[in-house]
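Treat the numbers as computed from the prediction; the structure is a model and nothing was measured. When a ligand or atom number is given, it counts from 1 through the structure's own listing order.
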Amino acid sequence: MPKPVYILNGPNLNLLGQRQPEVYGRETLADVEAACGRLAGELGLEARFRQSNHEGVLIDWIHEARGEASGIVINPGAFTHTSVAILDALNAFDGPVLEVHISNVHKRESFRHHSYVSLRAEGVIAGFGTEGYLLALRRMATLTGGK
Ligand code: DHK
């Protein structure tokens, strides 16, 4: 059995579709999860999709991914710009890490221009809306030897 790809989402992403739709769009996180599940099936991958508003929970899931996951797609939300602890956890994971942002963080406030996670990620997708998750999954298939 191939190992699943973990798709981890940080704070406030549970409100996707409701908060600032002009920035993050109208799709819900459940819509994104369903689309990822469909594409993962086509790519011969299994996606394990999760969201938490809590830094420690995200870190525990990254630890769990050690040995459990083939790769990690992560949208850490605002923790992207603040969390050395999430960077350290990702550095303890051996497989590929892809960072996703729904919005184009580089077009926004300067505090969003720096990412701790980018110091670890093989690739970064920003500003492609929720389609960014699907692009990341396609790239993950290439990196992990899926279809
Ligand atoms: C999501 C957030 O919640 C913000 O804190 C980040 C990211 C950007 C996104 O675009 O998906 O700055």
Do the side-chain N and O atoms of [X] and [Y] include a donor-acceptor pair separated by under 3.5 angstrom?
X: Q51; Y: N53; value: yes
X: D88; Y: Y116; value: no
X: T80; Y: E99; value: no

Looking only at protein heavy atoms, which one is nearest to [atom], and how far off is it?
atom: atom 12 (O) of ligand 1; value: H81 NE2, 2.7 Å
atom: atom 8 (C) of ligand 1; value: V105 CG1, 3.7 Å
atom: atom 2 (C) of ligand 1; value: Y24 OH, 3.4 Å
atom: atom 3 (O) of ligand 1; value: R19 NH2, 2.8 Å
atom: atom 10 (O) of ligand 1; value: S103 OG, 2.6 Å

Might you confirm whether atom CG of D94 has over 12 heavy atoms from other residues, nucleotides or ligands at distances under 6.0 Å?
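No - once you tally the heavy atoms of other residues, nucleotides and ligands closer than 6.0 Å, there are 12 at most.
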
Is the count of non-hydrogen atoms from other residues, nucleotides or ligands lying under 6.0 Å from E33 atom CD greater than 12?
yes

Using a 4.0 Å heavy-atom cut-off, say whether [X] meets ligand 1 through its side chain, its backbone, both or neither.
X: H101; answer: both
X: I102; answer: both
X: E99; answer: neither
X: T80; answer: neither

Test of proximity, N75 against ligand 1: N or O pairs below 3.5 Å
yes

Within-cut-off N or O pair, A78 and ligand 1, under 3.5 Å
yes

Which pairs count as salt bridge (Lys or Arg N to Asp or Glu O under 4.0 Å) when at least one residue sits in residues 65-74, sequence neighbours excluded?
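Only R48-E68 qualify under salt bridge (Lys or Arg N to Asp or Glu O under 4.0 Å).
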
Keeping D31 on the side-chain end and T28 on the backbone end, is there a donor-acceptor pair under 3.5 Å?
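Checked: pair present.
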
Examine distances only and state if a side-chain atom of E122 and a backbone atom of V97 form a donor-acceptor pair shorter than 3.5 Å.
yes

